[in-house]
Amino acid sequence: MTQGAAARLYTPELLGLAVELADYPLDAGFPWQGEAVSRTCGSTLAIGFDRAADGTVARLGMRVSACAVGQAAAAIFAREGVGSDETAIVEAGRAIEAWLAGGAPPAWPGIELLGPARAHAARHGAILLPWRAAANALSKPARRD
């Protein structure tokens, strides 16, 4: 990646998102937990949730080991994840995957900040991590520790 391409990819807005992850620590007591790994870059994301009575996400936390793009994607997910249900998260993940492949922009707020990464296929797996980990967590029965 050339210096100019890196500057277009790693914008100040994208880099600034990573600090937001401190607001979403992963709690070992979350009843719904899941993980995802990017096959292209090895980035990982572990996520946990509490759910409200209606099944929507009431609280979430993450542990992210990813590049700045993956961290930014996790922060964008976290901003809107609370209040979402499993269907909305799964559908958003599919829409984001289609967008990365050249499709229409998905409706997830803030996703446009990741627009410069669309041209970097090696970053696509990191972008999808939070939606994949969330779908994994929400598809399981609650843990009863």
Side-chain angles (χ1 to χ4, degrees), residues 1 6 8-145:
M1 185 177 324
R8 286 188 300 274
L9 177 58
Y10 298 110
T11 64
E13 295 82 12
L14 183 134
L15 295 172
L17 288 168
V19 300
E20 292 183 22
L21 293 177
D23 294 335
Y24 303 97
L26 183 60
D27 179 342
F30 280 124
W32 286 273
Q33 295 191 22
E35 294 183 344
V37 177
S38 169
R39 288 177 278 170
T40 56
C41 66
S43 294
T44 63
L45 188 144
I47 197 164
F49 298 102
D50 281 329
R51 287 172 123 168
D54 65 359
T56 60
V57 172
R59 189 171 69 102
L60 67 88
M62 292 182 276
R63 183 179 61 248
V64 182
S65 178
C67 64
V69 173
Q71 291 176 41
I76 289 167
F77 176 89
R79 286 178 171 180
E80 301 297 326
V82 172
S84 298
D85 64 16
E86 181 179 356
T87 300
I89 289 168
V90 169
E91 288 176 1
R94 288 183 187 136
I96 292 165
E97 192 167 2
W99 172 65
L100 292 170
W108 198 273
I111 200 73
E112 69 279 356
L113 294 171
L114 299 174
R118 287 178 70 195
H120 303 277
R123 299 293 189 258
H124 292 182
I127 290 169
L128 292 166
L129 283 175
W131 287 271
R132 288 180 174 164
N136 174 265
L138 295 170
S139 70
K140 299 176 184 177
R143 291 176 16 161
R144 310 273 185 224
D145 292 336

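Please read these numbers as outputs of a predicted model, since none were measured by experiment.
- Nearest heavy atom pair, residue A36 against residue A133, reads CB-N, 3.6 Å.
- Residue R123 holds its CZ atom at 5.0 Å from SG of C67, rounded to the nearest 0.5 Å.
- Here V37 pairs with T44 under the side chain to side chain contact (heavy atoms under 4.5 Å, CB included) rule; sequence neighbours left out.
- Of all non-hydrogen atoms in V82 and A58, the two that sit nearest each other are CG1-O, 3.7 Å.
- Shown here are the side chain to side chain contact (heavy atoms under 4.5 Å, CB included) partners of A142, two or more places apart in sequence or in another chain: P31, W32, R144.
- With sequence neighbours excluded, the residues forming a side chain to side chain contact (heavy atoms under 4.5 Å, CB included) with A135 are V90, listed by chain and number.
- Screening residues 88-111 for ring-ring contact (aromatic ring centres under 6.0 Å, His included) gives F77-W108, W108-W131 as the qualifying pairs, with residues at least two apart or on separate chains.
- Looking at residues two or more places apart in sequence or on another chain, you find no side chain to side chain donor-acceptor pair (under 3.5 Å) involving D23.
- Rounded to the nearest 0.5 angstrom, M62 CE and L129 CG are separated by 10.5 Å.
- Residues I47 and A137 approach most closely at CG2-CB, 4.1 Å, considering heavy atoms.
- Two residues are said to be in side-chain contact when any heavy atoms from C-beta on lie closer than 4.5 Å; E35 and L45 fail this criterion.
- Considering only heavy atoms from C-beta on, L113 comes within 4.5 Å of L17 through its side chain.
- Considering only residues two or more places apart in sequence or on other chains, T56 meets the side chain to side chain donor-acceptor pair (under 3.5 Å) condition with D54.
- Legend: side chain to side chain donor-acceptor pair (under 3.5 Å) pairs involving residues 73-90, not counting sequence neighbours, sorted by first then second residue: E20-R79.
- The list of ring-ring contact (aromatic ring centres under 6.0 Å, His included) pairs with a residue in residues 39-60, not counting sequence neighbours, is empty.
- Under the rule for a side chain to side chain donor-acceptor pair (under 3.5 Å), the partners of E97 that lie at least two apart in sequence or sit in another chain are R132.
- For the residue pair G61 and L26, the shortest heavy atom distance occurs at O-CD1, 3.5 Å.
- Here the shortest heavy-atom pairing between A75 and L21 reads N-CD2, 3.6 Å.
- Residue pairs meeting the side chain to side chain donor-acceptor pair (under 3.5 Å) criterion with at least one partner in residues 57-78, sequence neighbours excluded, are D27-R59, D50-R59.
- In this view, T40 and S38 satisfy the side chain to side chain contact (heavy atoms under 4.5 Å, CB included) rule, not counting sequence neighbours.
- In this structure, A22 and P25 approach most closely via the heavy-atom pair O-CD, 3.8 Å.
- For the pair V57/I89, a side-chain contact is recorded, criterion being any heavy-atom separation below 4.5 Å from C-beta on.
- Scanning for side chain to side chain donor-acceptor pair (under 3.5 Å) contacts around R51 gives an empty result, with sequence neighbours left out.
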